[in-house]
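Only one structure is covered here, and it is reproduced in the block below.
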Amino acid sequence: MKIATFNINGVRARLPRILAWLQSREPDVALLQEIKCQDQIFPRTPFEDLGYNVTTHGQKSFNGVAILSKFPLENPHTGLKGDDDDTQARWIEAVVGHRRAVRVCCLYLPNGNPAPSPKYDYKLAWMERLRSRMAELLVLEEPTVVAGDFNVIPQPEDAANPDRWKDDALYLPDTRAAWRWLLNMGYTDAFRAVHPTARAFTFWDFQRRAWQRDDGIRIDHLLLTPQCADLLQDCRIDKDERAQLKPSDHVPIWIEIDA
DNA sequence: ATGCCCTATGCTATAGGA
């Protein structure tokens with residue numbers, strides 16, 4: 001089973017690009033972030049025409065997450081517990097029914113800039129809620145993928161110019177400590193498991209000619225429970241997507257698992 | 001080289017992204 005995550009930066013603006021990517025790479029499951037639209041205007045039909053089941057959790061203008069799956073999507077469920085006042089659409093999960101069922105969780109973690117600020121406080125509080133949910137999932141001892149745009153640069157080697165990010169919400173010590181907590185609980189960073197030392201990025205800013213200078217960061221991640229890590233076959237980044245016409249500023253990253 | 005882009009919005013400026 002091939003499971004991809006892709007921050008598409010607007011599903012309506014990106015539709016032709018996403019469809020071309022789906023047709024060329026044929027992921028079984030695609031976790032999308034920043035759909036930037038409400039559920040009722042999400043363009044379901046073009047995805048269904050490619051054979052995908054679709055479940056979405058959107059809001060007007062910003063944020064929004066979705067799951068596409070060639071296999072049945074069971075028990076879809078949106079939102080992260082722990083803050084009843086949080087109206088931002090950043091979490092959707094479902095169980096993908098297959099030979100071996102796999103739970104997939106699609107997240108769009110808050111950016112948090114500038115730091116310090118209430119936005120950074122929201123990011124850290126969101127990461128605490130994420131830790132609680134991921135701790136619950138760990139207890140189930142099932143193959144589970146928690147993936148998406150984490151807005152976290154884990155280590156210096158995950159940025160072309162780490163010094164530039166030292167005061168940024170994506171790289172501050174508290175952000176990276178919250179990330180490490182997830183790993184220390186027992187989750188596996190799929191990309192690092194397959195490529196322990198590779199210098200690879202998933203995001204290049206639209207500004208400052210970042211793509212042309214390869215000034216990127218690795219912030220889109222797939223975290224696996226032990227039962228899922230045992231099934232891991234491969235993990236790759238579709239870097240070429242960033243060079244296409246009207247690209248997102250992120251590129252897809254995907255795993256192949258024996259499920 | 002702090003090099004100014006891209007999406008969405010009752011829209012010709014502004015907010016948000018990272």
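Numbers restart at 1 for each chain; the letters A, B, ... are given by sequence-line order, proteins then strands. Because the structure is predicted, anything quoted here is derived from the model rather than measured.
At a threshold of 4.0 angstrom between heavy atoms, the contacts of A:N7 are confined to the sugar-phosphate backbone, with no base atom among them. Within 4.0 Å (heavy atoms only), A:Y108 reaches sugar-phosphate atoms of the nucleic acid but no base atom. Among the protein residues, A:N151 comes within range of the sugar-phosphate backbone only, with heavy atoms under 4.0 Å from sugar or phosphate atoms but none that close to a base. When heavy atoms are screened at a 4.0 angstrom cut-off, A:R213 is found touching base atoms of the nucleic acid.
Rounded to the nearest Å, the gap between the P atom of B:dG10 and that of B:dC6 is 23 Å. Across the C1' atoms, B:dG17 and B:dC4 are found 14 Å apart, a figure rounded to whole Å. B:dA13 and B:dT2 are spaced 23 Å apart, taking the C1' atom of each and rounding to whole Å.
Computed from coordinates, the A:R17 CZ to B:dC6 P distance equals 16 Å when rounded to whole Å.
Remark: A:E93 engages A:R103 in a salt bridge, criterion side-chain N to carboxylate O under 4.0 Å. One finds no salt bridge joining A:R90 and A:D149 here, because no Lys/Arg side-chain nitrogen approaches an Asp/Glu carboxylate oxygen to under 4.0 Å. Taking 4.0 Å as the cut-off between side-chain N and carboxylate O, A:R176 and A:D158 do not count as a salt-bridged pair.
Taking each heavy atom of A:K166 and A:Y171 in turn, the nearest pair found is CA-CD2, 3.9 Å.
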Just the atom pairs and distances: protein N or O near nucleotides 10-16 of chain B's N or O, under 3.5 Å.
none

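A:R14 has a side-chain polar atom (N or O) that falls below the 4.0 Å cut-off from OP1 or OP2 of B:dT7. Contact check, A:R242 against B:dC6: no side-chain N or O comes under 4.0 Å of OP1 or OP2. A close approach under 4.0 Å does not occur between any side-chain nitrogen or oxygen of A:H250 and OP1 or OP2 of B:dG17.
Evaluation of the salt bridge (Lys or Arg N to Asp or Glu O under 4.0 Å) rule for A:R164 yields A:D215 as partners, not counting sequence neighbours.
Counting only residues at least two apart or in different chains, side-chain hydrogen bond (donor to acceptor under 3.5 Å, both in side chains) contacts with residues 64-83 of chain A comprise A:K81-A:E136.
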